[in-house]
*Asks:* 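For reference, the structure I am asking about is given below.
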Amino acid sequence: MDTAEFRFSTRADKTASKALARSCGFSCLYSEQKTDPRNGKRYELEVYSKKL
């Protein structure tokens, strides 16, 4: 049987979002560099996961 999983992503500089994710039991799976298509600036995206 497959385990259900919920994924959440946020920019690495969003401290409140990361704290909320961790307080709800999410753990960081990975991070990756991205480019914002609106302004061309680089940022780090963190992806969190929680088994349901």
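If you're wondering where the values come from, they're calculated on a predicted model, not measured in any experiment.
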*Asks:* Can you name the nearest heavy-atom pair linking T10 to S17, along with the distance?
*Replies:* OG1-CB, 3.5 Å
*Asks:* Looking at every non-hydrogen atom in both residues, tell me the closest pair between K50 and C24 and how far apart they are.
*Replies:* NZ-O, 2.7 Å
*Asks:* Looking at NZ of K51 and OG of S27, how far apart are the two atoms once the value is rounded to the nearest 0.5 Å?
*Replies:* 8.5 Å
*Asks:* Running the 4.5 Å side-chain criterion over Ile, Leu, Val, Met, Phe, Trp and Tyr, what cluster does F8 land in, apart from itself?
*Replies:* F6, F26, Y48, L52
*Asks:* Can you list the steps and then say if E46 with K18 is a salt bridge (Lys or Arg N to Asp or Glu O under 4.0 Å)?
*Replies:* CA-CA 9 Å; E46 293 182 351; K18 292 174 13 176; 3.8 Å; yes
*Asks:* Which is it for L20 and K14 under the side chain to side chain contact (heavy atoms under 4.5 Å, CB included) test, yes or no, and what are the steps along the way?
*Replies:* CA-CA 10 Å; L20 178 62; K14 302 298 183 189; over 6 Å; no
*Asks:* Checking salt bridge (Lys or Arg N to Asp or Glu O under 4.0 Å) for the pair R38/D36: CA distance, chi angles, key distance, verdict?
*Replies:* CA-CA 5 Å; R38 298 170 296 177; D36 189 323; 2.7 Å; yes
*Asks:* Between K41 and Y43, is any pair of side-chain heavy atoms under 4.5 Å apart?
*Replies:* no
*Asks:* Going by atom types alone, do R7 and S49 pair a side-chain donor with an acceptor below 3.5 Å?
*Replies:* no
